[in-house]
Amino acid sequence: MAAPDFRLHNTLTRKIESFSPEDGKTVRIYSCGPTVYKPAHLGNFRTFMFEDLLRRVIALRGWKIFQVMNLTDVDDKIIKSASERGISISEVTTPITKIFHADRAFLRIEDAELYPKATDHIPEMIAIVERLVERKLAYLADDGTVYFAIDKFKGYGKLSRLDTREVKAGARVLQDDYSKENAQDFALWKAAKPEDEASGAAWDSPWGRGRPGWHLECSAMAMKYLGETLDIHCGGIDLIFPHHEDEIAQSEGATGKPFSRFWCHGEFLLTDGSKMAKRLGNVATVQDLRDQGVPAAAFRHFVFSTHYRKQLNMSSDALEASIEGVRRLADFAARLAEAKAATPELEKIAEETDAEVTAALFDDLNAPIALGALFTFVRRANAELDRNGVDKRALEKAREVFARINSVLDVVPEAAGPDPELARWVEDRLTARKEARAQRDFARADSIRAEIEGRGVAIEDSPQGTKWKKLR
RNA sequence: GGCGCCGUGGCCAAGUGGUAAGGCGGCAGACUGCAAAUCUGCUAUUCGUCAGUUCGAUUCUGACCGGCGCCUCCA
């Protein structure tokens, strides 16, 4: 079988290109992770879910994966928070990191292979700065800060395609730092201030006490764990500039090799038509989702219903539609599990679906198309199951395909956990209702049903008897 | 000002130079004692507006209108 083509959009070229791992086996990915000073919001998680989708599609394609996601545990906001509260930066970041992993687990985002922390890689960062200084791409300014000299690196701007000469009128005004040679030079290593020392955010370096600049950690950790040229580097679209542009400059400046073969960026999640951002105060978190009883599967459905490179506006209507859609998938999953056999036609339908979904996912992660095909499959398969076939192989095929698709999208809600007390009660009430129905006392039967539904249980009569399920 | 994205039915959202996937919702029917679930049918002569290219454009080009993002805190 010829290996299927796997295509991905590359920000470097702004084109969809054929992708395969450098070594033919393992895809080495670096994803920019969260800054752990506050719980990540759903916008952040949209990006992490896009990366999760990428992982799972890569696995579906048959490649191994080694993904590194950093945890930024030293930066201005962390230091500010620590010094305001009179604690160390690790006292700020440790609990937030815990929340991050719990939220991630709730959203069914698979574990990356590694979650390195910036503060564990200070020597590696210093080594990069030393190389850059040696190569004259970086300089020590009067204020003790080491800057990267962007005009010494000829590829600067190639990712973001920003013309470095043509700066603004309408853009935010630069806060000119007199020590810099060029206003756009960025800090590699910042001289320590008293609050840095107080909060444990300062280290020894050849340039005195200080701390790393924002971009440096990613270059250091990516290259340490994935080599000097990565297969894929991904993150949110806002990281293209300056973060990723600067990562390229410092990494390639230090090694002379391409830093990453592919750059992939996920679009924003909007709320009320504008970017979800902590400073705009329109953020929603995983906790909000939980409080509103939105299942993880529904949020995944919602996110995957739009292509990852397109902005997605979050609204309660859209979320509600996803909750319903995903409920349908859960019912179908249960039906597939309970079925004994199906019509032979189901096998062909499953095969068609499999091919369609795979093709969509391998074409720049087109999850919306994959979801559409999945729902078409559910409808067609339900129709076949209604016909009570006897073909066991067809049923097996349908199960296999459904499981494979769900292994990527992961959009089937978990069944409610067992509740023996509730089960006993419902079964008891159902017996009473059955008696009433047998006596054609429908008023009584209906009042029992209302009673059962009052406890959040839905019942469905069928020729095989009455089934019930806990809602949400 | 520079760079870029988007505008498809009530809501969400795919898509192609040849005549509009899918989901939610709604309507009708089948099934049911009635429901629920499921199935079936219907629900955009039309894809922001106006021009142009073309035998033919929602899909290409241009202008305009509207929304959003980036231009060193940012997923």
Side-chain angles (χ1 to χ4, degrees), chain A residues 14 31-35 40-51 75-77 160-172 174-175 183-187 214-215 234-243 245-246 265-270 273-280 301-302 305-307 309-313 315-329 331-332 334-335 356 360 366-376 378-380 382-387 437 440-443 445-446 449-450 453 458-463 466-469:
Chain A
R14 312 284 153 120
S31 316
C32 283
T35 298
H41 61 249
L42 296 178
N44 299 316
F45 278 111
R46 181 188 184 195
T47 297
F48 302 143
M49 279 174 60
F50 135 64
E51 290 155 357
D75 97 313
D76 292 359
K77 280 173 289 202
S160 55
R161 301 193 174 181
L162 288 176
D163 188 333
T164 54
R165 331 209 64 190
E166 182 128 15
V167 191
K168 52 219 88 181
R172 272 175 262 165
L174 286 173
Q175 301 201 335
Q184 289 182 78
D185 289 348
F186 59 90
W214 173 30
H215 319 297
C234 42
I237 193 165
D238 53 339
L239 296 185
I240 293 174
F241 189 87
H243 189 231
E245 195 68 64
D246 291 349
H265 295 94
E267 255 293 357
F268 284 132
L269 179 67
L270 313 180
S274 63
K275 173 182 173 176
M276 185 180 287
K278 286 165 188 166
R279 62 174 167 148
L280 296 179
H301 171 100
F302 167 67
S305 68
T306 300
H307 188 89
R309 284 189 291 108
K310 207 173 159 184
Q311 293 179 349
L312 171 61
N313 194 206
S315 67
S316 56
D317 280 0
L319 235 31
E320 206 51 50
S322 288
I323 289 169
E324 267 313 302
V326 122
R327 189 230 84 227
R328 190 154 194 266
L329 296 179
D331 283 358
F332 176 72
R335 187 175 189 191
E356 200 180 334
N366 198 328
I369 290 277
L371 271 178
L374 177 61
F375 275 91
T376 300
V378 169
R379 178 174 49 73
R380 295 175 76 190
N382 266 324
E384 292 305 324
L385 290 169
D386 280 352
R387 291 167 58 203
R437 292 178 74 206
R440 304 193 66 75
D441 182 355
F442 296 122
D446 289 350
R449 177 169 59 202
E453 286 171 351
I459 66 179
E460 296 172 15
D461 293 326
S462 80
T466 299
K467 285 187 288 198
W468 65 274
K469 66 176 179 186

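Convention: sequence-line order gives letters A, B, ...; per-chain numbering from 1. Keep in mind that the numbers below use all heavy atoms, side chains included, and drop hydrogens, waters and symmetry copies.
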Taking the six-membered ring for Trp, are A:H243 and A:H215 parallel (under 30°), tilted (30 to 60°) or perpendicular (over 60°)?
tilted
Is there a side-chain polar atom (N or O) of A:K310 under 4.0 Å from OP1 or OP2 of B:C68?
no
Hunt down the Watson-Crick or G-U wobble partner of B:U72, both distances under 3.5 Å, from any strand shown, or write none.
none
Name the nucleic acid region contacted by A:F375, choosing base, sugar-phosphate or nothing; use a 4.0 angstrom heavy-atom cut-off, strictly under.
sugar-phosphate
Answer with base, sugar-phosphate or nothing: what part of the nucleic acid does A:D446 contact at a heavy-atom distance below 4.0 Å?
base
Say you pick atom C1' in B:A20 and the same atom in B:U45; how far apart are they, in whole Å?
11 Å
Just call it for A:D461: base, sugar-phosphate, or nothing, with non-hydrogen atoms closer than 4.0 Å on any strand.
base
Mind checking if A:R14 touches a base, just sugar-phosphate, or nothing, with heavy atoms under 4.0 Å?
nothing
Rounding to an integer number of angstrom, what distance separates B:C31 and B:A14 when you compare their C1' atoms?
33 Å
Taking 4.0 Å as the cut-off, does a side-chain nitrogen or oxygen of A:W214 come that near to OP1 or OP2 on B:C74?
yes
For a quick check of understanding: with a heavy-atom distance under 4.0 Å over all strands, which category does A:L269 fall into, base, sugar-phosphate or nothing?
base
Can you see if the side chain of A:R328 gets near the phosphate of B:C39 - specifically, an N or O under 4.0 Å from OP1 or OP2?
yes
Any chance you could measure A:F50, atom CZ, to A:H307, atom NE2, to the nearest 0.5 Å?
8.5 Å
Base, sugar-phosphate, or nothing: which does A:A458 touch, judged by heavy atoms less than 4.0 Å apart?
nothing
Let me know the distance between CZ of A:R309 and P of B:C70, rounded to the nearest Å.
18 Å
Using the P atom on both, measure B:U8 against B:C68 and round to a whole Å.
15 Å
Tell me which nucleotide among B:A14, B:C12, B:C24 gets nearest to the side chain of A:A321.
B:C24
Side chain to side chain contact (heavy atoms under 4.5 Å, CB included) assessment of A:L374 paired with A:H301
CA-CA 11 Å; A:L374 177 61; A:H301 171 100; over 6 Å; no
Pick base, sugar-phosphate or nothing for A:R327, based on heavy-atom distances below 4.0 Å to the nucleic acid.
sugar-phosphate
What contact category does A:G273 fall into here, base, sugar-phosphate, or nothing, at under 4.0 angstrom with non-hydrogen atoms?
sugar-phosphate
Name the nucleic acid region contacted by A:L239, choosing base, sugar-phosphate or nothing; use a 4.0 angstrom heavy-atom cut-off, strictly under.
sugar-phosphate
By nearest atom, which of the nucleotides B:G25, B:C74, B:A14 is closest to the A:E324 side chain?
B:G25
Is any side-chain heavy atom of A:T47 less than 4.5 Å from a side-chain heavy atom of A:F268?
no
Out of B:C68, B:G23, B:C74, whichever nucleotide has its closest atom nearest the side chain of A:K275:
B:C74
Tell me whether A:D331 is salt-bridged to A:R335, with the criterion being a basic N under 4.0 Å from an acidic carboxylate O.
no
Counting N and O atoms only, with roles assigned by atom type, does the side chain of A:E245 sit under 3.5 Å from a partner on the main chain of A:S160, one being a donor and the other an acceptor?
yes
Hey, does A:F241 reach any base, or is it just sugar-phosphate, or nothing, if we go heavy atoms under 4.0 Å?
sugar-phosphate
Looking for any heavy atom pair under 4.0 Å, which part of the strands does A:H307 touch: base, sugar-phosphate only, or nothing?
sugar-phosphate
Protein and nucleotides 27-29 of chain B: nitrogen or oxygen contacts under 3.5 angstrom:
none

Is it the case that the base of B:G33 and the side chain of A:R437 share a donor-acceptor contact (distance under 3.5 Å, atom types as modelled)?
yes
N/O (side chain, A:N366) to phosphate O (OP1/OP2, B:G15) under 4.0 Å
yes
Pairwise C1' distance, B:U40 and B:G33 [rounded to whole Å]:
23 Å
Answer yes or no: is there a side-chain heavy-atom contact under 4.5 Å between A:F45 and A:L269?
no
Using a cut-off of strictly less than 4.0 Å, decide whether A:R379 has a side-chain nitrogen or oxygen near OP1 or OP2 of B:A37.
no
In Å and rounded to the nearest 0.5 Å, what is the CG to CZ distance from A:D461 to A:R449?
7.0 Å
